[in-house]
Amino acid sequence: MDNDAYLLTCRATGAQLLVDAAAEADRLLALVRDGSPDGRLDVVVTTHAHHDHLGALAEVVRETGALAAAGADDAAAVTAATGVEVGRFLRHGDTVRVGEVELAVVGLRGHTPGSVALAYTEPATALAPSAVPGRAHLFTGDSLFPGGVGNTQRDPERFAQLYGDVVARVFDVYRDDTVVLPGHGRPTTLGAERPHLEEWRERGW
């Protein structure tokens, strides 16, 4: 399915977090080894419970001992599909720490009931007279892409839920220089997508 997976490495401690063990476990494990000489992987966050985002989860967890984390409302489906026990249930407003790095959990319901995104914000830049927060990077799974929100099978209630969450929890919170890193395809920025929000709402997908 040409999925994107993302590895975050804490440079201070060597701790690592993988976003979506989608497929090709050997390739992902090689990425983990490239990030940390001892092959350390602390946690795998599954953004949602669709099969193309968790095909390598069981093997990656088995080989690394990493903690599996997923949205609370998708966790049972992740376990049913993979046999992996989800050890951390994520909810909107939670934080996930990997070494000295902290990521915010953003619940984006609609593509699946428990879809989550992760937000990493770069350290503040010391500029007089006050520190300016760094740029954010959003790992959005299948909830936000260049050109629109994720697939809700043209269900108006699911679309309204996802669109509402994306507007209130993403566009109303993060700056236009925020980088969106989706579960498929190329990255974008909130600034590039913001002018199209009304168009998305009117078309209903």
Side-chain angles (χ1 to χ4, degrees), residues 1-6 8 17 19-22 44-55 69-78 80-81 86 88-96 102-122 133-205:
M1 298 291 288
D2 198 22
N3 290 67
D4 295 328
Y6 302 94
L8 289 80
L17 177 148
V19 181
D20 285 342
V44 181
V45 174
T46 300
T47 58
H48 63 288
H50 286 166
H51 68 92
D52 59 310
H53 288 259
L54 43 74
D73 289 334
D74 274 16
V78 170
V86 174
R88 173 86 189 272
F89 289 11
L90 303 176
R91 295 174 174 84
H92 179 69
D94 287 350
T95 57
V96 176
E102 187 171 277
L103 300 99
V105 177
V106 183
L108 298 176
R109 303 157 295 181
H111 183 64
T112 65
S115 289
V116 294
L118 294 178
Y120 166 69
T121 301
E122 296 172 9
R135 179 177 55 173
H137 302 258
L138 286 172
F139 303 90
T140 57
D142 284 1
S143 292
L144 179 61
F145 295 97
V149 299
N151 189 2
T152 54
Q153 282 75 45
R154 297 192 179 272
D155 181 321
E157 292 185 4
R158 288 174 58 197
F159 172 77
Q161 179 74 82
L162 180 54
Y163 179 83
D165 279 357
V166 164
V167 171
R169 297 177 175 183
V170 174
F171 284 93
D172 289 352
V173 174
Y174 294 97
R175 301 189 315 229
D176 280 355
D177 64 350
T178 297
V179 179
V180 175
L181 298 155
H184 306 266
R186 304 295 298 172
T188 185
T189 65
L190 293 187
E193 305 304 322
R194 193 181 300 275
H196 305 290
L197 284 173
E198 184 59 23
E199 172 192 339
W200 301 352
R201 188 191 65 79
E202 289 181 356
R203 77 189 184 193
W205 56 273

Discussion item. The test is side chain to side chain donor-acceptor pair (under 3.5 Å); show your working for His48 and Asp74 and say whether it passes.
Written reply: CA-CA 6 Å; His48 63 288; Asp74 274 16; 6.0 Å; no
Practice prompt. Evaluate the side chain to side chain donor-acceptor pair (under 3.5 Å) criterion for residues His184 and Asp52: first the C-alpha distance (whole Å), next the side-chain angles of each, then the deciding distance (0.1 Å), finally the verdict.
Written response: CA-CA 10 Å; His184 306 266; Asp52 59 310; 3.3 Å; yes
Worksheet item: Step by step, would you call Trp205 with Thr152 a side-chain contact (heavy atoms from CB on, under 4.5 Å)?
Response: CA-CA 7 Å; Trp205 56 273; Thr152 54; 5.6 Å; no
Discussion item. Could you walk me through whether Asp172 and Val167 satisfy the side-chain contact (heavy atoms from CB on, under 4.5 Å) test, starting with their C-alpha distance in whole Å, then the side-chain angles of each, then the deciding distance to 0.1 Å, before giving a yes or no?
Written reply: CA-CA 6 Å; Asp172 289 352; Val167 171; 3.9 Å; yes
Discussion item. Let's go through Leu103 and Leu8 carefully: what are the C-alpha distance in whole Å and the side-chain angles of both, what is the deciding distance for side-chain contact (heavy atoms from CB on, under 4.5 Å) to 0.1 Å, and is it a yes or a no?
Written reply: CA-CA 10 Å; Leu103 300 99; Leu8 289 80; 3.6 Å; yes
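For residues 192-205, every residue pair satisfying the salt bridge (Lys or Arg N to Asp or Glu O under 4.0 Å) rule, not counting sequence neighbours, is listed here: Asp176-Arg194, Glu198-Arg201, Glu199-Arg203. Sequence neighbours left out, the pairs with a member in residues 133-160 that pass salt bridge (Lys or Arg N to Asp or Glu O under 4.0 Å) are Glu122-Arg135.
Put simply, CG on Leu108 and CG on Leu162 are 6.5 Å apart, with the number rounded to the nearest 0.5 Å. How far OG1 of Thr47 is from NE2 of His111: 8.0 Å, rounded to the nearest 0.5 Å. Between the CG atom of Leu138 and the OH atom of Tyr174 there is a distance of 5.5 Å, given to the nearest 0.5 Å. Rounding to the nearest 0.5 Å gives a distance of 8.5 Å between CG of Leu17 and CZ of Phe139. For the atom pair His51 NE2 and Met1 CE, the distance stands at 5.5 Å (nearest 0.5 Å).
Contact between Ala136 and Thr121 at its shortest, heavy atoms only, is CB-OG1, 3.9 Å. What you find for Ala75 and Phe89 is that their closest heavy atoms are CB-CE1, 3.6 Å. The minimum heavy-atom distance linking Ala119 with Val106 is given by the pair CB-CG2, 4.4 Å. Heavy atoms only, all atoms of each residue included: Ala168 and Val173 are closest at O-CG2, 3.5 Å. Here the closest non-hydrogen pair linking Val86 and Ala70 is CG1-N, 3.8 Å. Residues Pro182 and Leu144 approach most closely at CB-O, 3.6 Å, considering heavy atoms.
Residues Asn151 and Gln153 meet the side-chain proximity criterion, which asks for heavy atoms closer than 4.5 Å. Residues Asp20 and Asp4 are not in side-chain contact: their nearest non-hydrogen atoms beyond the backbone lie 4.5 Å or more apart. Taking the side chain as every heavy atom from C-beta outward, Val96 and Arg88 approach each other to under 4.5 Å.
Thr140 places no side-chain N or O within 3.5 Å of a backbone atom of Ser143 that could act as its donor or acceptor partner. A donor-acceptor pair under 3.5 Å is formed between the side chain of Arg175 and the backbone N or O of Pro133. For the pair Asp94 (side chain) and Val105 (backbone), a donor-acceptor distance under 3.5 Å is absent. Judged by distance alone, with hydrogens and angles left aside, the side-chain atoms of Tyr163 form no donor-acceptor pair with the main-chain N or O of Gly110 at under 3.5 Å.
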